[in-house]
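Whatever order the structure lists ligands and atoms in, that order sets their numbers, starting from 1.
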Amino acid sequence: MNSLGEILYLSQLDVERLNIPMNEVIRIVEEAFHEKASERVEVPPKPGIHPQKDAFIHAMPAYIPKMKSAGVKWVSGFPENPKHGMPYITGLLILNDPETGAPICVMDCTWITAKRTGAATAVAAKHLARQDSKVLGILGCGVQGRSNLEALTVVCKNLEEVKAYDINETNLQKYVEEMTAKHGLKAVPVVSPRKAVENCDIVVTAGPILKHPQPVIEASWFKNGGFACPLDFDSYWKPEAMHSMDKFCTDDRDQLTYYKKLGYFSNIPNVYADLAEIVSGKKPGREDPNERIMSINLGIALEDMATAILVYEKAKEIGAGKKLPL
Ligand SMILES: NC(=O)c1ccc[n+]([C@@H]2O[C@H](COP(=O)([O-])OP(=O)(O)OC[C@H]3O[C@@H](n4cnc5c(N)ncnc54)[C@H](O)[C@@H]3O)[C@@H](O)[C@H]2O)c1
């Protein structure tokens, strides 16, 4: 080993094989939001570059002192990739030693991106959805459609049915079969976005993010008392549908403001609270069973670094991955 030391390299398979359960990811992500509420974290808005239309590569740094987690995720989303057999999301995450700044680990970030996004939805649902929520609508049955359902089953114990919609019939059928087998819920394929929203207690949209969206979801489709979590910005919900919410939340106010400056979110309501304010009780979550609540979760590095340190510690514990010289 040279004086610079070595890093631990964790491939996609190395990370997946650790089998960290979703409830642990949810717990650590919620704890990170508590730290944020106490202003004990550093998580600047993520800058990005855009080599293709509607594609991005984002740089996402964060530091969570309590978890001794510091690092950056360098993650891309390229909507044309699935046509060529590649995933939409790919990327790497680097962890640094907060004492010296030296890199200590490089890992594939696919698993983390899937799980921490589902976990953030679950944290939001825990505080903002009705606890007796039974029916979930999923629009976009890919990686996020799967991890969000998995995470919601952890916090919403009364979930019985999933109405699933996807523009790709093959993806939809595969999703319905897989999710029925995995979660023992009634998963029903539906033929239109409307049918995946109407009569649902929780709605998650996970289609592509579009700079110039052509949204279809109308205010009247969404049930009073419902909770909605768009992961695809304002691509699916019409402005009037978002304005019909009693509480409009986000995972991070600064990130939302940053995106607005870049030309996204041209017509959205004022933010009632962000998730740090909600989980810490600074702002009440759901107060009435009939409230219509939305949390636009943009995905922040705080969620990644909280999950990454779990991954790193577990990998070290069982000796996973490969040590490489710097
Ligand atoms: N907010 C966050 O924290 C966060 C994190 C990761 C991903 N995302 C976003 O979530 C979305 C999904 O990502 P993914 O990794 O699951 O992608 P994916 O490629 O695995 O899945 C996307 C699915 O959506 C389907 N689809 C495409 N257009 C659709 C439409 N109009 N209606 C319904 N379904 C449609 C595709 O057929 C595919 O099955 C992307 O927009 C991504 O940027 C958000």
Side-chain angles (χ1 to χ4, degrees), residues 25 29 32-33 43 45-46 48 50 52 54-58 60 62 73 75-91 93 109-124 137-151 163-176 178-179 189-197 203-211 213-217 228-237 249-252 255-256 259 264-265 274-275 294-304 306-307:
V25 183
V29 166
F33 277 111
V43 53
K46 49 186 171 189
H50 307 88
Q52 301 285 333
D54 290 324
F56 64 82
I57 315 180
H58 284 150
M60 305 177 64
K73 185 168 87 165
V75 63
S76 64
F78 276 54
E80 296 297 313
N81 275 5
K83 286 184 194 153
H84 315 295
M86 277 187 73
Y88 169 63
I89 298 274
T90 58
L93 187 149
C109 75
T110 318
W111 183 92
I112 285 187
T113 303
K115 300 288 171 167
R116 64 68 146 152
T117 311
T121 302
V123 169
I138 294 276
L139 295 88
C141 298
V143 172
Q144 291 301 330
R146 285 170 169 76
S147 67
N148 275 258
L149 169 55
E150 180 190 4
K163 295 185 186 186
Y165 172 74
D166 198 292
I167 51 165
N168 180 311
E169 184 62 26
T170 312
N171 291 0
L172 179 58
Q173 285 311 329
K174 210 168 150 226
Y175 179 85
V176 166
E178 257 182 50
M179 295 300 101
V190 297
V191 295
S192 67
R194 181 172 187 156
K195 290 202 181 314
V197 174
V203 177
V204 174
T205 56
I209 292 172
L210 306 172
K211 179 109 193 215
Q214 293 179 326
V216 296
I217 299 177
C229 195
L231 306 174
D232 40 15
F233 289 23
D234 51 358
S235 302
Y236 236 125
W237 292 78
C249 306
T250 176
D251 51 357
D252 189 61
Q255 185 64 52
L256 191 64
Y259 274 135
Y264 292 93
F265 299 111
D274 67 22
L275 288 187
M294 173 176 276
S295 182
I296 290 246
N297 284 359
L298 306 163
I300 54 172
L302 182 81
E303 302 154 2
D304 296 301
T307 313

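- For ligand 1, the atoms sitting less than 4.0 Å from at least one non-hydrogen atom of P208 are 27 (C), 28 (N), 29 (C), 41 (O), numbered in the order shown with element in parentheses.
- Scanning the protein for heavy atoms near atom 4 (C) of ligand 1, the closest one is T117 CG2, 3.7 Å.
- For atom 17 (O) of ligand 1, the closest non-hydrogen atom on the protein side is Y88 CD2, 3.6 Å.
- Among all protein heavy atoms, the one lying closest to atom 22 (C) of ligand 1 is A206 O, 3.9 Å.
- Shown in contact with G142 at under 4.0 Å from a heavy atom are these atoms of ligand 1, numbered in order with element: 16 (O), 20 (O), 21 (O), 23 (C), 39 (O).
- Between atom 16 (O) of ligand 1 and the options E169, Q144, Q214, the minimum heavy-atom separation is to Q144.
- What you find for G299 and D251 is that their closest heavy atoms are N-OD2, 2.7 Å.
- Rounded to the nearest 0.5 angstrom, Y88 OH and Q144 CD are separated by 9.5 Å.
- From the protein, the heavy atom lying nearest to atom 35 (C) of ligand 1 is I167 CG1, 3.6 Å.
- Between the side chain of R146 and the backbone N or O of C141, at least one donor-acceptor pair lies under 3.5 Å.
- Once rounded to the nearest 0.5 Å, the distance linking CZ of F265 with CD1 of I296 reads 5.0 Å.
- One distance of note links OG of S295 with CG of L231; it measures 9.5 Å at 0.5 Å rounding.
- Counting only distance, with no hydrogens or angles, the side chain of S235 and the backbone of L210 share a donor-acceptor pair below 3.5 Å.
- If you check which protein heavy atom lies closest to atom 36 (C) of ligand 1, you get D166 OD1, 3.5 Å.
- For ligand 1, the atoms closer than 4.0 angstrom to any heavy atom of G140 are 24 (O), 33 (C), 34 (N).
- For ligand 1, one of its N or O atoms has an N or O atom of N171 under 3.5 Å away.
- Proximity to N297 (heavy-atom distance under 4.0 Å) selects the following atoms of ligand 1: 1 (N), 2 (C).
- When atom types are taken as modelled, the side chain of Q255 and the backbone of K46 share a donor-acceptor pair closer than 3.5 angstrom.
- Every atom of ligand 1 with a heavy atom of L298 under 4.0 Å away is listed here by number and element: 1 (N), 2 (C), 3 (O).
- Of the candidates D304, T121, L231, L231 brings a heavy atom nearest to atom 8 (N) of ligand 1.
- When each atom of ligand 1 is checked for a heavy atom of N168 under 4.0 Å away, the hits are 37 (O).
- Checking side-chain atoms of Y175 against main-chain N and O of A164 turns up no donor-acceptor pair under 3.5 Å.
- Going from atom CG of D252 over to atom OH of Y259 covers 10.5 Å, rounded to the nearest 0.5 Å.
- Distance NE2/H58 to CD1/I300: 13.5 Å, rounded to 0.5 Å.
- Relative to atom 15 (O) of ligand 1, the option among D232, V143, I296, L172 with the closest non-hydrogen atom is V143.
- Taking a cut-off of under 4.0 Å to the non-hydrogen atoms of G299, the atoms of ligand 1 that pass are 1 (N), 2 (C), 3 (O).
- To the nearest 0.5 Å, the span separating CE on M60 from CG on D304 amounts to 4.5 Å.
- The closest approach between any non-hydrogen atom of Y236 and ligand 1 is below 4.0 Å.
- Not a single heavy atom of E303 sits closer than 4.0 Å to an atom of ligand 1.
- Panel note: side chain S76, backbone T90; a donor-acceptor pair is recorded below 3.5 Å.
- Per-residue contacts place G207 under 4.0 angstrom from the following atoms of ligand 1 (heavy atoms of the residue considered): 11 (C), 12 (C), 40 (C), 41 (O).
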